[in-house]
Amino acid sequence: MASNPPGKCCFKGFYHEGTPKGTHKDIFGVDSYISGGSSDRVIVILTDVFGNRLNNILVTADQMAAKGYQVYIPDILFKDPVVSLDGSTDFNAWLAAHPADKVQSLVTKYLTDLKKELSPKFVGVIGYCYGAKFAVQQINKTSPLADCCAIAHPSFVSMDELAAIDKPLLISAAEEDPIFPAELRHQSEDKLKEIKARYQLDLFSGVSHGFAARGDISDPVVKYAKEKALLDQLHWFDHFSSQFC
C-alpha cells in the first residue's frame, strides 16, 4: 500500500470561509460544481469524504478557475457525504457503504463523458485524501483519462496503482500523517524513482493530514502550507498544460 486506507483523521477538519462563485449542475448524471468559463484547460477535483458541497473545496475551485481553468467537482459520494467536521462519523461504517470499485466506475465514466462532450486540450485531475486513489488511477499506462495529476495527503492508494502511472504526478504531503507516514512516503518515492516517473513530492512541516482541504487556517503554519499546495498545483498544471494548449 502506497498510502493507508482512510482513518479517523480523514473525517474531521475545519470550515473555510468564502463565497463560492460557481454553480452546481447535473452533468453527465452527476451533481457537479462548475467554476470558470469555457476553457481548453479543465481541472477535475475528486474530493475527500466531505464531498462537493463543503465550502472549502468550492472556494479552492474558484481560485483555480480564476487562473484560466474550467473546474469541475463531481459528487463521487453518491449524495452521501460526511457532513460533520468534528470527527463523530463512524468512519468504518461510512467506508463500507462507499466501495472503491463503485466510485472508480463513476469517476471513469464521468471523465470519459467529459472528454467526449467538451474535447478539452488538457485535463488535470486533483485528488484530496479519499479522492487521491481515484485521481491516480486516471494517469495509468493502459487507459489514462487525464494528462496530469496532483494529490494532497493521499489515502487508499495502492502500490500497484502508483506503479502503473505514466503521466506527471505532484504529491503534497504532511509531516504528521498516519495515513501517508514517512515509511510509506519513502516507499512511494522509491517506486516512483524505479519507474522513472515524472513526479514532485513536497513535504510540509508542522501540518497534519487534511491540511490542504480542511486544515485550521487560523494557524499561520497551516495557512502557508494550504496556500503553497494550491500554488504548486496551479504551477504544475500550468507547466504541463502548456504542452497541449
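Every value quoted in this text rests on a predicted model; they were computed, and no experiment measured them.
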Engineer: Could you tell me whether K141 and D166 make a salt bridge, using a distance below 4.0 angstrom between a side-chain N and a carboxylate O?
Structural biologist: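 Salt bridge flag = no for D166 with K141.
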Engineer: Answer whether the closest heavy-atom distance between the side chains of V107 and Q138 falls below 4.5 Å.
Structural biologist: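 V107 vs Q138: side chains touch.
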Engineer: Sub-3.5 Å donor-acceptor pair from the side chain of H16 to the main-chain atoms of I57, do we have one?
Structural biologist: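 The answer is no, because no donor-acceptor pair under 3.5 Å joins these two groups.
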Engineer: What heavy-atom pair brings D62 and K21 nearest, and what distance separates the two atoms?
Structural biologist: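 It is OD2-N, 2.7 Å.
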Engineer: Any side-chain to backbone donor/acceptor pair from S155 onto C129? Under 3.5 Å, distance only.
Structural biologist: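 A pair under 3.5 Å: yes.
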Engineer: Heavy-atom count check: over 12 atoms from other residues, nucleotides or ligands less than 6.0 Å from E183 CD?
Structural biologist: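 Incorrect, the count does not exceed 12.
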Engineer: CD/E161 to CD/Q104 distance, rounded to the nearest 0.5 angstrom?
Structural biologist: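 Here the rounded value is 7.0 Å.
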Engineer: Tell me, do D232 and L170 make a side-chain contact under 4.5 Å, heavy atoms counted?
Structural biologist: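 Sidechains of L170 and D232: in contact.
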Engineer: How about D202 and I171: do any of their side-chain heavy atoms sit closer than 4.5 Å?
Structural biologist: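 Not touching, per the 4.5 Å side-chain cut-off.
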Engineer: State, to 0.1 Å, how close Q70 and G36 come at their nearest heavy-atom pair, and which atoms those are.
Structural biologist: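 Nearest heavy atoms, Q70 then G36: NE2-O, 3.5 Å.
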Engineer: Just by distance, do the side chain of S3 and the backbone of V157 share a donor-acceptor pair under 3.5 Å?
Structural biologist: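 Yes, because the side chain of S3 sits within donor-acceptor range (under 3.5 Å) of the backbone of V157.
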Engineer: Main chain of D86, side chain of S84: is a donor-acceptor contact present, judged purely on distance under 3.5 Å?
Structural biologist: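 Yes.
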Engineer: Could you tell me the separation between the CG atom of D190 and the CE atom of M159, rounded to the nearest 0.5 Å?
Structural biologist: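 Nearest 0.5 Å value for the CG-CE distance: 8.5 Å.
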Engineer: So, D40 side chain and K121 main chain: donor-acceptor pair closer than 3.5 Å or not?
Structural biologist: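 Judged by distance alone, no pair lies under 3.5 Å.
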Engineer: In terms of relative ring orientation, are W94 and Y130 parallel, tilted or perpendicular, with 30° and 60° separating the classes?
Structural biologist: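 Judged by the thresholds at 30° and 60°, the geometry between W94 and Y130 is perpendicular.
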Engineer: Can you confirm whether the side chains of D80 and H98 place a donor and an acceptor under 3.5 Å from each other?
Structural biologist: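 Present: a donor and an acceptor within the cut-off.
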Engineer: Quick one: does S105's side chain get under 4.5 Å of T108's, heavy atoms only?
Structural biologist: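 They are not in contact (no side-chain heavy atoms under 4.5 Å apart), so the answer is no.
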Engineer: Over all heavy atoms of both residues, which pair between S32 and P74 is shortest? Give the atoms and the distance, please.
Structural biologist: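 In this case the closest contact between S32 and P74 is OG-CA, 3.9 Å.
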Engineer: Is a side-chain donor or acceptor of E175 paired with a backbone partner of G206 at a separation under 3.5 angstrom?
Structural biologist: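 Indeed, once roles are kept as given, a pair shorter than 3.5 Å links the two residues.
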Engineer: Would the distance check show the side chain of N56 and the main-chain N or O of F14 forming a donor-acceptor pair, the cut-off being under 3.5 Å?
Structural biologist: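 Side chain of N56 to backbone of F14, a donor-acceptor pair under 3.5 Å: yes, one is there.
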Engineer: Using every non-hydrogen atom in the two residues, find where P20 and N55 come nearest and quote the distance to one decimal.
Structural biologist: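 For P20 versus N55, the nearest heavy atoms are CG-OD1, 3.2 Å.
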Engineer: Counting N and O atoms only, with roles assigned by atom type, does the side chain of S242 sit under 3.5 Å from a partner on the main chain of H239, one being a donor and the other an acceptor?
Structural biologist: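 Checked: pair present.
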Engineer: I'd like to know whether L184 forms a side chain to side chain contact (heavy atoms under 4.5 Å, CB included) with N4, so could you lay out the CA-CA distance, the side-chain angles of the two residues, the decisive distance to 0.1 Å, and finally the verdict.
Structural biologist: CA-CA 8 Å; L184 293 182; N4 288 321; 3.5 Å; yes
Engineer: Before accepting this row, confirm whether a basic side-chain N of the pair D75/K79 lies closer than 4.0 Å to the acidic partner's carboxylate O.
Structural biologist: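 K79 and D75: not salt-bridged.
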Engineer: Under 4.5 Å between side-chain heavy atoms, counting indirect links through other Ile/Leu/Val/Met/Phe/Trp/Tyr residues: same cluster for V44 and I76 or not?
Structural biologist: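 Yes, V44 connects to I76 through the hydrophobic network.
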Engineer: Hydrophobic cluster membership, with links at side-chain heavy-atom distances under 4.5 Å among I/L/V/M/F/W/Y: are L231 and F237 in one?
Structural biologist: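 No, no single cluster joins them.
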Engineer: With a 3.5 Å distance limit and no angle check, can you tell me whether R214 reaches the backbone of K12 through a side-chain donor-acceptor pair?
Structural biologist: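 Present.
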Engineer: Any chain of hydrophobic side-chain contacts (each under 4.5 Å) joining I126 to L118?
Structural biologist: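 Each belongs to a different hydrophobic cluster.
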Engineer: Does NZ or CZ of K228 come closer than 6.0 Å to the centre of the six-membered ring of F204, within 45° of the ring's axis?
Structural biologist: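 Cation-pi check for K228 and F204: fails.
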Engineer: Hey, can you tell me if F11 and F91 have their rings parallel, tilted or perpendicular (30° and 60° cut-offs)?
Structural biologist: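 F11 and F91: tilted rings.
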Engineer: Rounded to the nearest 0.5 Å, how far apart are CD of Q243 and SG of C148?
Structural biologist: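 Reported value, rounded in 0.5 Å steps: 8.5 Å.
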Engineer: Measure across C9 and I179 and return the closest heavy-atom pair with its distance rounded to 0.1 Å.
Structural biologist: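 Scanning both residues, the minimum pair turns out to be SG-CG1, 3.6 Å.
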Engineer: If the threshold is 4.0 Å, N to carboxylate O, is there a salt bridge linking K223 and D219?
Structural biologist: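 No.
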Engineer: So how far is it from C149 SG to F240 CZ, rounded to the nearest 0.5 Å?
Structural biologist: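 Separation between the atoms: 11.5 Å.
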Engineer: Grouping I, L, V, M, F, W and Y whenever their side-chain heavy atoms are under 4.5 Å apart, do V136 and W236 come out in a common cluster?
Structural biologist: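 Each belongs to a different hydrophobic cluster.
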Engineer: Could you give me the CA-CA distance, side-chain angles and deciding distance for L203 and R185, then say whether side chain to side chain contact (heavy atoms under 4.5 Å, CB included) is met?
Structural biologist: CA-CA 10 Å; L203 179 65; R185 191 172 70 244; 3.5 Å; yes
Engineer: Taking the side chain as everything from C-beta on, heavy atoms only, tell me whether L85 gets closer than 4.5 Å to Y15.
Structural biologist: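 Touching, per the 4.5 Å side-chain cut-off.
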Engineer: Can you find a heavy atom in the side chain of L234 that is under 4.5 Å from one in the side chain of L230?
Structural biologist: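 Yes, at least one pair of side-chain atoms sits under 4.5 Å.
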Engineer: How long is the span from the CG atom in L111 to the NZ atom in K116, to the nearest 0.5 Å?
Structural biologist: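 Between atom CG of L111 and atom NZ of K116 there are 14.5 Å.
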Engineer: Check the pair T47, F134 against side chain to side chain contact (heavy atoms under 4.5 Å, CB included), reporting the backbone distance first and the verdict last.
Structural biologist: CA-CA 10 Å; T47 68; F134 311 105; over 6 Å; no
Engineer: According to salt bridge (charged side-chain N to carboxylate O under 4.0 Å, His left out), who are the partners of R53, at least two apart in sequence or on a separate chain?
Structural biologist: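 Partners of R53 under the salt bridge (charged side-chain N to carboxylate O under 4.0 Å, His left out) test: D31.
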Engineer: Tell me whether H235 at atom NE2 has more than 12 heavy atoms from other residues, nucleotides or ligands lying less than 6.0 Å away.
Structural biologist: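 At most 12 heavy atoms, drawn from other residues, nucleotides or ligands, come within 6.0 Å of this atom.
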Engineer: Measuring from Y199:OH to L162:CG, what's the distance to the nearest 0.5 Å?
Structural biologist: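 Those atoms lie 10.0 Å apart.
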Engineer: If only atom types and distance count, is the side chain of N52 paired as donor or acceptor with the main-chain N or O of I73 below 3.5 Å?
Structural biologist: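 At least one qualifying donor-acceptor pair exists.
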Engineer: Parallel under 30°, tilted from 30 to 60°, perpendicular over 60°: which one fits the rings of Y110 and Y72?
Structural biologist: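 Perpendicular: the ring planes of Y110 and Y72 meet at over 60°.
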Engineer: Is it the case that one hydrophobic cluster holds both I45 and V59, taking links as side-chain heavy atoms less than 4.5 Å apart, direct or via other members?
Structural biologist: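 No, it is not one cluster - the side chains of I45 and V59 are not joined through contacts under 4.5 Å.
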Engineer: When you check the side-chain N and O atoms of D160 and S158, is any donor under 3.5 Å from an acceptor?
Structural biologist: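 Absent: no donor and acceptor within the cut-off.
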Engineer: Looking at the rings of H153 and F211, which for Trp means the six-membered one, are their centres under 6.0 Å apart?
Structural biologist: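 Centroid distance H153-F211: below 6.0 Å, so yes.
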Engineer: With heavy-atom distances below 4.5 Å as the criterion, would you say the side chains of L95 and P6 are in contact?
Structural biologist: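 Sidechains of P6 and L95: in contact.
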Engineer: Can you confirm whether L192 sits close enough to I165 that some side-chain heavy atom of one is under 4.5 Å from a side-chain heavy atom of the other?
Structural biologist: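 With C-beta onward as the side chain, the pair touches.
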Engineer: Where do S241 and Y69 come nearest, in terms of heavy atoms and distance?
Structural biologist: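 Scanning both residues completely, I find the closest heavy atoms to be OG-OH, 3.8 Å.
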Engineer: Checking T60 against K226 for the side chain to side chain contact (heavy atoms under 4.5 Å, CB included) test, could you report, in this order, the C-alpha distance in whole Å, the side-chain angles of both residues, the deciding distance, and whether it holds?
Structural biologist: CA-CA 10 Å; T60 294; K226 174 192 178 299; 4.1 Å; yes
